[in-house]
Novice: 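Below is a structure I'd like to ask you about.
Here the structure is a predicted model, which means the values were calculated and not measured.
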Amino acid sequence: MEEVREYRALFAVDIVGSSGRGDVALEQIRQVLSAALHASFTRGGVDWDDCLRHDLGDGMRVVAPAGTPETSLIHPLVHELTERLRAHNLLAGKPTRIRLRMALHAGSVQVGRDGTVSGRPLEVLARLLDAEPVRAALAQAPDATTALLVSEHFHETAVCQGRPGIDPAAFRRVDVREKEFTGSAWLHVPAYGGAPQATGSAPDRTAPDAGVPAGNTKVISKASGHGVIYALGNGTMNIGGKSGKK
């Protein structure tokens with residue numbers, strides 16, 4: 001099967017505490033999540049039907065169409081998705097409430113004609129989604145609906161520029177060590193009624209915004225991203241051959 005190499009923005013979500021809810025509840029929350037993702041991508045100007053999607057069972061990995069501005073996967077998408085799930089949770093019973101870990105990365109991947117995607121950036125995305133800092137952020141903030149971890153590269157190209165709708169001060173740098181992945185990433189917990197204390201992997205204290213609580217966000221105005229995606233920039237992430245914790 002012929003494959004082409006393309007630079008793509010990558011997004012993944014995982015439902016917190018999905019096990020033990022039973023098949024009926026899990027199917028309901030999967031349907032709610034799928035509908036919320038569809039609506040949020042559309043709201044952000046990203047064609048859901050043109051995305052390459054992979055069902056993770058209790059989550060989803062989404063590969064955005066080539067040329068999608070990385071900024072559009074943060075704002076309004078992340079904030080839209082958070083608000084939709086928050087509204088769902090207000091009326092849902094405990095078995096069908098949804099809290100999400102989210103991860104964002106971008107890089108050059110192999111795209112097959114059948115829609116399959118492979119490559120090292122997907123490994124990085126998976127490690128970010130499972131990383132301790134994003135898990136700890138939600139554990140410490142029971143009122144938070146979502147928590148997002150973005151790669152160093154994604155932060156450099158889409159966050160730190162301070163584009164309208166994206167507040168760099170709302171992201172806190174953390175260290176990530178997951179299996180063969182070691183690097184830095186940036187944690188964001190969309191606004192909620194409290195601010196968690198930092199635990200687990202410590203932030204880099206040399207970073208200008210180190211020590212800012214992950215939940216310390218402010219209301220952000222509506223905006224849409226413009227521009228094109230550029231080649232993979234220099235970051236501090238690396239993938240080695242030695243495994244870390246499981």
Novice: Identify, with sequence neighbours excluded, every residue that meets salt bridge (Lys or Arg N to Asp or Glu O under 4.0 Å) alongside Glu6.
Specialist: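 Residues passing salt bridge (Lys or Arg N to Asp or Glu O under 4.0 Å) with Glu6: Arg8.
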Novice: Among residues at least two apart in sequence or on other chains, which ones pass side-chain contact (heavy atoms from CB on, under 4.5 Å) with Ala64?
Specialist: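 side-chain contact (heavy atoms from CB on, under 4.5 Å) list for Ala64, sorted by chain: Ala9, Thr68, Leu73.
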Novice: Determine whether Leu149 and Val174 make a side-chain contact, defined as any pair of heavy atoms from C-beta on separated by less than 4.5 Å.
Specialist: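 They are in side-chain contact.
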Novice: Output, in order, the C-alpha distance, side-chain angles, deciding distance and verdict of side chain to side chain contact (heavy atoms under 4.5 Å, CB included) for Val159 and Trp186.
Specialist: CA-CA 10 Å; Val159 176; Trp186 294 81; over 6 Å; no
Novice: Using only atom types and a distance under 3.5 Å, with no angle test, would you say the side chain of His88 pairs donor to acceptor with the backbone of Thr96?
Specialist: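 Checked: pair present.
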Novice: Please find the pair of heavy atoms, one from Leu187 and one from Pro133, that lie closest to each other, and give the distance.
Specialist: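 Taking Leu187 first and Pro133 second, the nearest heavy atoms are CD2-O, 4.0 Å.
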Novice: With sequence neighbours excluded, give me every side chain to side chain donor-acceptor pair (under 3.5 Å) pair touching residues 25-39.
Specialist: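 Checked against side chain to side chain donor-acceptor pair (under 3.5 Å) - neighbours excluded - the pairs reaching residues 25-39 are Glu27-Gln31, Arg30-Asp55.
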Novice: Rounded to the nearest 0.5 Å, what's the gap from OG1 on Thr146 to CZ on Arg86? Could you check?
Specialist: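 Those atoms lie 7.0 Å apart.
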Novice: Apply the side-chain hydrogen bond (donor to acceptor under 3.5 Å, both in side chains) test between Arg127 and each candidate in Glu178, Glu180, His105; give the one that qualifies.
Specialist: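 Result for side-chain hydrogen bond (donor to acceptor under 3.5 Å, both in side chains) with Arg127: Glu180.
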Novice: Kindly write out the residues that satisfy side-chain contact (heavy atoms from CB on, under 4.5 Å) with Ala103, not counting sequence neighbours, or none if the list is empty.
Specialist: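 Listed in chain order: Leu125, Leu128, Leu129.
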Novice: So, taking the atom named CG in Leu148 and the one named CZ in Phe171, what distance separates them when rounded to the nearest 0.5 Å?
Specialist: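 Separation between the atoms: 5.5 Å.
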Novice: Mind checking the CE-CD1 spacing from Met60 to Ile15? Nearest 0.5 Å is all I need.
Specialist: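 Rounded to the nearest 0.5 Å, the CE-CD1 separation comes out at 9.0 Å.
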Novice: Of all residues at least two apart in sequence or in a different chain, which pass the salt bridge (Lys or Arg N to Asp or Glu O under 4.0 Å) check with Asp130?
Specialist: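 For Asp130, the residues satisfying salt bridge (Lys or Arg N to Asp or Glu O under 4.0 Å) (neighbours in sequence not counted) are Arg101, Arg135.
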Novice: For the residue pair Ala36 and Arg84, what are the closest heavy atoms and their distance?
Specialist: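 What the structure gives for the nearest pair is O-CD, 4.0 Å.
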Novice: When rounded to the nearest 0.5 angstrom, what distance separates CE in Met102 from NE2 in His188?
Specialist: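 Answer for the CE-NE2 pair, Met102 versus His188, is 7.0 Å.
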Novice: Under 3.5 Å, is there a donor-acceptor pair between the side chain of Arg99 and the main chain of Leu138?
Specialist: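 It does hold such a pair.
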Novice: Looking at CZ of Arg5 and OG of Ser118, how far apart are the two atoms once the value is rounded to the nearest 0.5 Å?
Specialist: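 Between Arg5 CZ and Ser118 OG, I get 7.5 Å after rounding to 0.5 Å.
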Novice: Taking all non-hydrogen atoms of both residues, which atom of Ile166 and which atom of Pro168 are closest, and how far apart?
Specialist: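 Smallest heavy-atom distance, with atoms named: O-CD, 3.3 Å.
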Novice: Tell me, do Pro190 and Thr145 make a side-chain contact under 4.5 Å, heavy atoms counted?
Specialist: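 They are not in side-chain contact.
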Novice: Under a 4.5 Å cut-off applied to non-hydrogen side-chain atoms, are Leu10 and Leu122 in contact?
Specialist: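 With C-beta onward as the side chain, the pair touches.
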Novice: Are His153 and Glu70 close enough, and set up right, to give a side chain to side chain contact (heavy atoms under 4.5 Å, CB included), and what steps lead you there?
Specialist: CA-CA 11 Å; His153 167 63; Glu70 288 152 300; 4.0 Å; yes
Novice: Same cluster for Val4 and Leu52 if Ile/Leu/Val/Met/Phe/Trp/Tyr side chains link at under 4.5 Å?
Specialist: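 Both belong to a single hydrophobic cluster.
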Novice: Locate the shortest heavy-atom distance separating Ala106 from Tyr7; write the atom from each residue and the value.
Specialist: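 What the structure gives for the nearest pair is CB-OH, 3.4 Å.
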Novice: Would you sort out whether Val111 and Val63 count as a side chain to side chain contact (heavy atoms under 4.5 Å, CB included), showing the intermediate values?
Specialist: CA-CA 10 Å; Val111 182; Val63 179; 5.7 Å; no
Novice: Quick one, Ile98 with Leu100, criterion side chain to side chain contact (heavy atoms under 4.5 Å, CB included). Give me CA distance, side-chain angles, the key distance, then yes/no.
Specialist: CA-CA 7 Å; Ile98 302 174; Leu100 285 184; 4.1 Å; yes
Novice: For the side chain of Arg21 and the backbone of Leu26, is there at least one donor-acceptor N/O pair under 3.5 Å apart?
Specialist: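 Not confirmed, Arg21 side chain does not pair with Leu26 backbone.
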Novice: Specify the closest pair of heavy atoms between Ser72 and Gly44, including all atoms of both residues, with the distance to one decimal.
Specialist: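 Closest pair (atom of Ser72, atom of Gly44, distance): CB-O, 3.7 Å.
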Novice: Determine the sole option in Leu85, Leu81, Thr82 for which the side chain to side chain contact (heavy atoms under 4.5 Å, CB included) test with Ser40 is passed.
Specialist: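 For Ser40, the side chain to side chain contact (heavy atoms under 4.5 Å, CB included) test succeeds with only one of Leu85, Leu81, Thr82, which is Leu81.
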Novice: Tell me, please, which residues at least two apart from Ala35 pass side-chain contact (heavy atoms from CB on, under 4.5 Å).
Specialist: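 Ala35: no side-chain contact (heavy atoms from CB on, under 4.5 Å) contacts found.
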Novice: Does the pair Glu132/Arg177 count as a salt bridge with the N-to-O cut at 4.0 Å?
Specialist: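 Judged by the 4.0 Å cut-off on N to carboxylate O distance, Glu132 and Arg177 do not form a salt bridge.
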Novice: Do Val13 and Val16 share a hydrophobic cluster, counting only Ile, Leu, Val, Met, Phe, Trp and Tyr and linking them when any side-chain heavy atoms are less than 4.5 Å apart?
Specialist: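 No, because Val13 and Val16 fall into different hydrophobic clusters, even though each may have its own neighbours under 4.5 Å.
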